[in-house]
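Read through the structure below, which is laid out as C-alpha cells, and then see the notes.
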Amino acid sequence: MGRARRVRLVPLALLVVLLVAPMVWPGVLAYTFVFGEKATATVTECERTRTGTGIETCRGFWRTDGGKRGAGEIYGIHPHQEGGTLRVRIGPAGPYANGWARGWPFLLWTVPVPLGVLGYLRFHRRIVRRGRGLAASLLAEPGALVVSRAAVRRADGSPYASVRAATPPPGAQRLDLPGRPRRTHRPPWDSGDREDVLVEAVDDAAGRPLMLLEHRTGSPFEAETVVLDPSGAPRLILRRESPHPLAYRLLDPSGGDLGSARTATGIGTLAVRDVPGNRFAAAGLRGRDWVLRADETAPPLLRDAALALVLAQFHHRN
C-alpha cells in the first residue's frame with residue numbers, strides 16, 4: 001500500500017470510528033430491550049447518590065423464564081423500586097429494568113449520528129452530481145477523452161494513450177521556478193518536510209512517447225507538475241496555487257504565463273483557460289475517472305497541458 005493511499009485511509013478510518021463509537025452502547029440497549037432474555041429480578045440493595053436524590057447502582061438476583069439464575073448489578077432501577085421484585089431483560093451488558101422508559105436518554109446519543117451521515121451524503125451527492133453532470137455533457141461532444149490513472153481512452157473506448165512509471169532520461173535537468181506558493185491547507189498528519197517526485201511517461205496508442213510528467217508533492221510548497229518532452233526538456237509547469245478552491249497557473253520554462261485552471265462549477269470540475277481568459281478545455285470527475293475535452297483549435301502545447309493537468313489530479317491530493 002502506497003504512502004498516498006495510507007494517508008487517505010487515515011481520515012476515512014477516523015470518520016468510521018466517530019460514526020460507529022456513539023452507536024455501540026445505544027445499540028446494546030436497544031438489543032436488550034427488544035431481544036433480551038426475560039427474567040424476574042429482586043432488588044436487594046442500592047447505593048444512593050451523595051445528595052440522596054437518586055441511585056447510582058443496584059444489585060440483586062434474578063431468575064430467567066427458562067429457569068437460569070444469576071446475581072449481580074441490575075441497571076435502570078428507579079429509586080422507589082429498591083427492595084422490590086420486577087421484570088427485567090438480560091442482554092450483553094447484563095439485566096436492565098424498565099426498558100425504554102429508562103433507556104431513552106442513551107438512545108438520544110444516536111440522533112446526531114444519522115443526521116450527520118445524511119448531511120454528509122447530501123453534500124457528497126451534490127459534489128458527485130456536479131462532476132458527473134459536466135462529465136456527461138463533455139462526453140457527448142466530439143473529441144472527449146476518458147482519463148484514468150493509467151490510461152486515456154476515447155469516448156468509444158478505443159485507446160488514446162497509456163501512462164506508466166518512468167525515470168528521467170539521461171541529462172534531464174530539474175526546472176525550478178521562483179514563486180512557488182507555500183501550502184496553507186496541510187492535513188495535520190502530513191509533516192510535509194520532504195518532497196516526493198514521481199515521473200510518468202505518457203505514450204500514444206502505438207507506444208510512442210508523447211511527454212513526461214514530473215509530479216512534485218509532499219513538500220512545504222504546493223504541488224506542481226513539470227511537463228517535459230520525451231528527451232527530458234521542460235515544456236511547461238502546472239503550478240497549483242490553492243487546493244480549495246482548486247487553482248493552477250500554467251507557466252512556460254521561463255516563468256511566463258500560458259494560462260490558468262480553476263474549479264468550474266464545484267468540486268470535481270475544472271475549467272482551463274488561456275492567457276486572455278478563453279476557456280479551451282474542461283474536465284469533470286466521473287467516479288474514479290475524469291472526462292476531458294479540449295478544443296481542437298487550441299495550440300498543441302495547451303492541449304497537452306490540459307491532459308497533463310487532469311493526470312496530475314491523481315497525485316495532487318493534498
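Scanning for side chain to side chain contact (heavy atoms under 4.5 Å, CB included) contacts around Asp274 gives Pro276, Asn278, Phe280, Leu302, with sequence neighbours left out. Arg288 pairs by the side chain to side chain donor-acceptor pair (under 3.5 Å) definition with nothing, not counting sequence neighbours. Under the rule for a side chain to side chain donor-acceptor pair (under 3.5 Å), Arg303 has no partner lying at least two apart in sequence or in another chain. Scanning for side chain to side chain contact (heavy atoms under 4.5 Å, CB included) contacts around Glu45 gives Arg59, with sequence neighbours left out. Among residues two or more places apart in sequence or in another chain, the side chain to side chain contact (heavy atoms under 4.5 Å, CB included) test is passed with Ala206 by Asp204, Arg208. Residues meeting the ring pair (Phe, Tyr, Trp, His ring centres under 6.0 Å) test with Tyr31, sequence neighbours left out: Phe35. For Glu141, the side chain to side chain donor-acceptor pair (under 3.5 Å) criterion is met by Arg293, not counting sequence neighbours. With sequence neighbours excluded, the residues that form a salt bridge (Lys or Arg N to Asp or Glu O under 4.0 Å) with Asp257 are Arg249. Considering only residues two or more places apart in sequence or on other chains, Arg286 meets the side chain to side chain donor-acceptor pair (under 3.5 Å) condition with none of them.
Note: Phe314 CZ to Glu200 CD = 9.5 Å, rounded to the nearest 0.5 Å. Glu241 CD to Thr184 OG1: the interatomic distance, rounded to the nearest 0.5 Å, is 11.5 Å. To the nearest 0.5 Å, atom CZ of residue Arg69 and atom CZ of residue Phe61 are 8.5 Å apart. Taking CH2 of Trp290 as the reference point, atom CZ of Arg149 lies at 13.0 Å (rounded to 0.5 Å). Taken from CG in Leu292 to CG in Leu145, the straight-line distance is 5.5 Å, to the nearest 0.5 Å. Atom SG of residue Cys46 and atom NE2 of residue His78 lie 12.0 Å apart, to the nearest 0.5 angstrom.
Arg273 and Gly277 get closest at one heavy-atom pair: NH1-O, 3.2 Å. Here the closest heavy-atom approach between residue Pro92 and residue Thr32 is recorded as CD-OG1, 3.6 Å. Nearest heavy atom pair, residue Pro169 against residue Pro230, reads CG-O, 4.1 Å. Of all heavy-atom pairs spanning Ala306 and Ala281, the tightest one is CB-CB, 3.7 Å. Taking each heavy atom of Ala172 and Gly232 in turn, the nearest pair found is CB-O, 4.2 Å. Here the closest non-hydrogen pair linking Ala223 and Thr217 is CB-CG2, 3.9 Å.
Between Gln313 and Leu285, the closest side-chain pair of non-hydrogen atoms is not below 4.5 Å. In this structure, the side chains of His315 and Leu198 come closer than 4.5 Å at one or more pairs of heavy atoms.
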As a quick check of understanding, evaluate side chain to side chain contact (heavy atoms under 4.5 Å, CB included) for Leu175 and Glu214, giving each step before the final call.
CA-CA 10 Å; Leu175 174 64; Glu214 184 183 281; over 6 Å; no
Does Arg235 form a side chain to side chain contact (heavy atoms under 4.5 Å, CB included) with Asp304? I'd like the steps, not just the answer.
CA-CA 10 Å; Arg235 299 175 64 197; Asp304 287 347; 3.1 Å; yes
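Both Leu236 and Leu311 are members of a single hydrophobic cluster when ILVMFWY side chains are connected at heavy-atom separations under 4.5 Å. No continuous path of ILVMFWY side-chain contacts below 4.5 Å connects Val227 to Leu177, so the two sit in separate hydrophobic clusters. Hydrophobic clustering of Ile, Leu, Val, Met, Phe, Trp and Tyr side chains at less than 4.5 Å, counting indirect connections, unites Leu250 with Leu213. Under the 4.5 Å side-chain heavy-atom criterion for grouping Ile, Leu, Val, Met, Phe, Trp and Tyr, Leu301 is connected to Leu210 within one hydrophobic cluster. Linking Ile, Leu, Val, Met, Phe, Trp and Tyr whenever their side-chain heavy atoms come within less than 4.5 Å puts Val152 and Leu238 in one cluster.
Each of His215, Arg239, His316 was checked for a side-chain hydrogen bond (donor to acceptor under 3.5 Å, both in side chains) with Glu224, and the lone residue meeting it is Arg239.
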Could you list the donor-acceptor pairs under 3.5 angstrom formed between side-chain atoms of residues 83-90 and any protein atom two or more places apart in sequence or on another chain?
| residue | atom | partner | partner atom | Å |
| --- | --- | --- | --- | --- |
| Thr85 | OG1 | Thr42 | OG1 | 3.3 |
| Arg87 | NH1 | Thr40 | OG1 | 2.8 |
| Arg87 | NH1 | Asp65 | OD1 | 3.0 |
| Arg87 | NH2 | Asp65 | OD1 | 3.4 |
| Arg87 | NH2 | Asp65 | OD2 | 2.9 |
| Arg89 | NH1 | Gly36 | O | 2.7 |

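Of the possible polar contacts, none joining the Thr269 side chain to the Gly131 backbone as a donor-acceptor pair under 3.5 Å is found. Counting only distance, with no hydrogens or angles, the side chain of Ser242 and the backbone of Pro245 share a donor-acceptor pair below 3.5 Å. Under the 3.5 Å distance criterion, the side-chain polar atoms of Thr64 are matched with a main-chain donor or acceptor of Lys68. Distance alone, capped at 3.5 Å, is enough to place a donor-acceptor pair between the Asp252 side chain and the Gly255 backbone.
Inspection of the Asp156 and Ser158 side chains reveals an N or O donor paired with an N or O acceptor under 3.5 Å.
Relative ring orientation between Tyr96 and Tyr75 is described as parallel, the plane-to-plane angle staying below 30° on a 0-90° scale split at 30° and 60°.
Note on residues 159-181: pairs passing side chain to side chain donor-acceptor pair (under 3.5 Å), not counting sequence neighbours, are Arg164-Asp203, Arg174-Asp176, Arg174-Glu195, Asp176-Arg216, Arg180-Glu195.
Its side chain within the 4.5 Å cluster rule, Leu138 clusters with Leu134, Leu139, Val146, Val291 among the Ile, Leu, Val, Met, Phe, Trp and Tyr residues.
Remark: Arg182 is positioned above the aromatic ring of Phe221, its terminal NZ or CZ atom under 6.0 angstrom from the ring centre and at most 45 degrees off the axis.
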